[in-house]
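Below is one structure, written out as structure tokens; comments come after it.
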Amino acid sequence: MAVAAVLIFVVSKEPHYNVRPGAQADNAHCGRIAENAPGKLAGHPKHDTELAGVALWGDSNIVLRCGVTDIGPTADPCFAADGVDWVIDTTRSSDNKKVIITYGRTAATEVIVTNSSKAPDEILVELSALITPIAQTSPCIRS
């Protein structure tokens with residue numbers, strides 16, 4: 001019984017707990033992005049994960065998921081960071097959590113930043129070099 005309790009505790013402490021790969025995570029770009037993601041981001045170490053197209057830093061303080069569903073024109077705020085257009089998903093974001101998705105690129109990439117000492121735009125500047133090899137098909141346009 002005690003072994004089961006320890007096992008549950010260890011599993012619940014894994015940094016990728018409750019993170020799911022994007023539906024198109026098997027895209028070749030997603031494998032490259034996850035493999036080449038920086039070893040440290042915003043002061044957080046990268047954790048190894050077997051999840052396709054996923055990179056994690058800290059205790060899931062920063063989660064990158066490649067292969068998520070592309071978004072179209074939106075009323076959500078969009079901005080560019082080092083040549084990559086990003087959209088803040090205001091529905092899923094809060095004061096301590098920002099959900100940001102690339103715009104106009106397939107496979108789309110989502111970055112979730114929770115309780116980070118660095119601003120999300122600083123983090124995206126570091127990640128944008130991973131995204132630029134994916135051809136941009138359209139610029140971010142607010143609806």
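What you see is a predicted model; the values in this text were computed from it and never measured. All residue numbers in this chain count up from 1 along the given sequence.
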Got Val84 and Thr132 here, is their nearest side-chain heavy-atom distance under 4.5 Å?
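Contact flag for Val84/Thr132 side chains = yes.
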
Considering only heavy atoms from C-beta outward, does the side chain of Cys30 approach that of Val54 to under 4.5 Å?
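No, their side chains stay 4.5 Å or more apart.
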
Which distance, rounded to the nearest 0.5 Å, do you find between the [atom1] of [X] and the [atom2] of [Y]?
X	Y	atom1	atom2	result
Gln136	Ile131	CD	CD1	11.5 Å
Ile62	Leu56	CD1	CG	10.0 Å
Leu130	Asp82	CG	CG	11.5 Å
Trp57	Glu126	CH2	CD	9.5 Å
Cys66	Gln24	SG	CD	8.5 Å
Thr69	Ile101	OG1	CD1	8.5 Å

Any donor and acceptor pair, going by atom type alone, linking the side chain of [X] with main-chain N or O of [Y] inside 3.5 Å?
X	Y	answer
Arg105	Ile134	yes
Arg65	Val111	no
Ser93	Val99	yes
Ser128	Ala81	yes
Asp70	Thr106	no
Thr102	Thr109	yes
Asn61	Asp59	yes

Taking all heavy atoms of Ala52 and all of Pro21, pick out the closest pair and write down the distance.
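Where Ala52 meets Pro21 most closely, the heavy atoms are O-CB, 3.4 Å.
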
Check Ala55 against Ala37 and note the closest heavy-atom contact, atom names and distance.
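Ala55 and Ala37 have their closest heavy atoms at CB-CB, 3.9 Å.
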
Applying the 4.5 Å side-chain criterion to the ILVMFWY set and letting contacts propagate, would [X] and [Y] be lumped into a single cluster?
X	Y	value
Ile100	Leu64	yes
Ile123	Ile33	yes
Val113	Tyr103	no

Please determine whether side chain to side chain contact (heavy atoms under 4.5 Å, CB included) holds for the pair Phe79 and Asp85, giving the CA-CA distance in whole Å, both sets of side-chain angles, and the decisive distance to 0.1 Å.
CA-CA 6 Å; Phe79 61 95; Asp85 287 351; over 6 Å; no

Side chain to side chain contact (heavy atoms under 4.5 Å, CB included), that's the test. Do Ile112 and Lys97 meet it? Break it down for me.
CA-CA 7 Å; Ile112 302 170; Lys97 174 179 142 183; 4.0 Å; yes

Which residues pass the salt bridge (charged side-chain N to carboxylate O under 4.0 Å, His left out) test with Asp89, sequence neighbours left out?
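Testing Asp89 for salt bridge (charged side-chain N to carboxylate O under 4.0 Å, His left out), a comparison that skips the adjacent residues, returns Arg92.
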
Would Glu35 and Arg32 satisfy side chain to side chain contact (heavy atoms under 4.5 Å, CB included), going step by step from the backbone distance to the final call?
CA-CA 5 Å; Glu35 184 176 306; Arg32 177 190 53 76; 5.9 Å; no

Report yes or no: do Thr90 and Asp76 form a side-chain donor-acceptor pair below 3.5 Å?
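Their side chains do contain a donor-acceptor pair, which is all the 3.5 Å distance test asks for.
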
